[in-house]
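Just so you know, residue 1 is the first one in the sequence shown, and it goes up from there.
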Amino acid sequence: MTTRLTKQAIAMLLLGTLNASAIAPAMAANQDQLPDMGTTAGGTLSIGQEMAMGDFYVRQLRASAPLVNDPLLSTYINQLGNRLVANAYSVRTPFHFFLVRNDEINAFAFFGGNVVLHTALFRETDNESQLASVLAHEISHVTQRHLARAMEDQQRNAPLTWVGALGSILLAMANPTMGMAALSGTMAGTQQGMISFTQSNEQEADRIGIQVLQRAGFDPEAMPNFLQKLADQSRYASKPPEMLLTHPLPDSRLSDARNRANQMARRITQSTQDYYMAKVRALGMYSSTGYGLTEDVLGAYEKGNVRQQTAAKYGRAILFYEAKKYDAARRLIQPLLDKERDNVWFLDLMTDIDLGQKRAAQAIARLQAANAAQSNNPVLQLNLANAYVEGNQPAQASKILNRYTFAHPDDPNGWDLLAQASAAQGLRDEELSARAESLALGGRLDQAIGLLSNASALQKLGSLKQARYDARIDQLRQLQQRFRQYQRS
């Protein structure tokens, strides 16, 4: 069983990189500058090194963690994160958000601005400002470079030792016993020094995060309100929420956050329709039994405001769809779609219902019209490509997917669909190439190179296609070389 000491060590290690997916304004306000704590992390890791390590671990995460590759939810959390990052200062890297299927409340990040949110955050947050407060806190850990600064403070330890510890933590998400065993050995000599940073880092992230929250147009009271909710759960439970194990919450931290929020102008903000839709979708599709979309949630929303009432209908349609009661789901979603014909939440679910009832032609016609109105919407592009595949029109799917994977090369959904469309057309080399890209995104570079070599062998010697496959093989081999140092650690 994981000791409290080790959990605190995890907390410190995870502090240094959490959130979003864009680069904010270059202008920095004085209150958000790195404080004089004796280091700015410049002597240990460069930003380029952080991003390279982030790329390595994102691939490991895709291979081992239960990521939710739902285009609607991914779009929502990245848009929310981008809004916050656009109002943060000292942003040095792009940010990328990932959603992992986990019923324990938590959020963490690692090198390169890569952020992981647990689906349980949708269950436990009461409004969008509370969800945004978690992200703003984590963004501030990143902009203040807490992890890199902690590494510099421990200069007697090689940075790659810490990289190895981070790998163990990510591994623990998929295999707790194996991951924690690796962590114990890696962290044996460093965890005590890390613990001393925990409280100051958390309070600094609160202080800066609450400013980011307010500048982005959210209610600053949401941060202490959500922290209070976690504290209350901890007080009456035999086991505290997981988030409090990785983000310790002493009374001084809670009172400090409350005092800071009280000094700010109160801003009452309504949650967006997208927040409510994302919440019922995450609970209805990606939660375990007993943690999902309950009658209590739906009943409360049915008595709430117009946005909540709409979300309740959408949520009930999701539950019918998940139970394969397609007619009942259609009866609920059709009136909503009639009122909002371009609503991607409704279009996506109606497409799934159509395909569940083998009505691909109907789905294609609807999505063609929607794509004409919203030609750059990635959710609709994927939906239409999927409908073409299901409707035995793989060539049409390939036209969309070749453009989509060029614009979104890091989305596994596009490559998986392209592999299916290519296979249906008998295009073996293109199928192998698409599957290779999926494997590469999951860090399986050896297998990816093998498939690309097979694809190359199928082409005429000296052809453009063969040259393209060979060039990609060279790129992946260079990536292998860069990643070896992290694999050794």
_Please evaluate residues Gln228 and Asp232 with respect to the criterion side-chain hydrogen bond (donor to acceptor under 3.5 Å, both in side chains), reporting the C-alpha separation (whole Å), side-chain torsions for both, the decisive distance (0.1 Å), and the verdict._
CA-CA 6 Å; Gln228 184 66 61; Asp232 292 342; 3.0 Å; yes
_Before you tell me yes or no, could you show the steps for Tyr301 and Thr310 under side-chain hydrogen bond (donor to acceptor under 3.5 Å, both in side chains), namely the whole-Å CA-CA distance, both residues' side-chain angles and the distance that decides it to 0.1 Å?_
CA-CA 8 Å; Tyr301 278 6; Thr310 300; over 6 Å; no
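Contact annotation: the side chain of Arg260 never approaches that of Asp206 to less than 4.5 Å [non-hydrogen atoms, C-beta and beyond]. At a threshold of 4.5 Å between non-hydrogen side-chain atoms, the residues Ile47 and Thr93 count as touching. Between Arg316 and Leu298 there is a side-chain heavy-atom pair separated by less than 4.5 Å.
For the residue pair Tyr321/Arg330, the side-chain donor-acceptor check at 3.5 Å is not satisfied.
The shortest heavy-atom contact between Ala136 and Leu84 is N-CD1, 4.1 Å.
The aromatic rings of Tyr275 and Phe122 are tilted relative to each other, their planes meeting at an angle between 30° and 60°.
With respect to Asp274 and Arg307, no salt bridge is recorded, no charged nitrogen being found less than 4.0 Å from a carboxylate O. Using a 4.0 Å cut-off between charged nitrogen and carboxylate oxygen, Glu302 and Lys313 do not count as a salt-bridge pair.
Partner of Leu73 under the side chain to side chain contact (heavy atoms under 4.5 Å, CB included) criterion, chosen from Leu99, Leu117, Asn78: Leu99.
Figure legend: cation-pi geometry between Arg83 and Phe218, with NZ or CZ positioned under 6.0 Å from the six-membered ring centre and within 45° of its axis.
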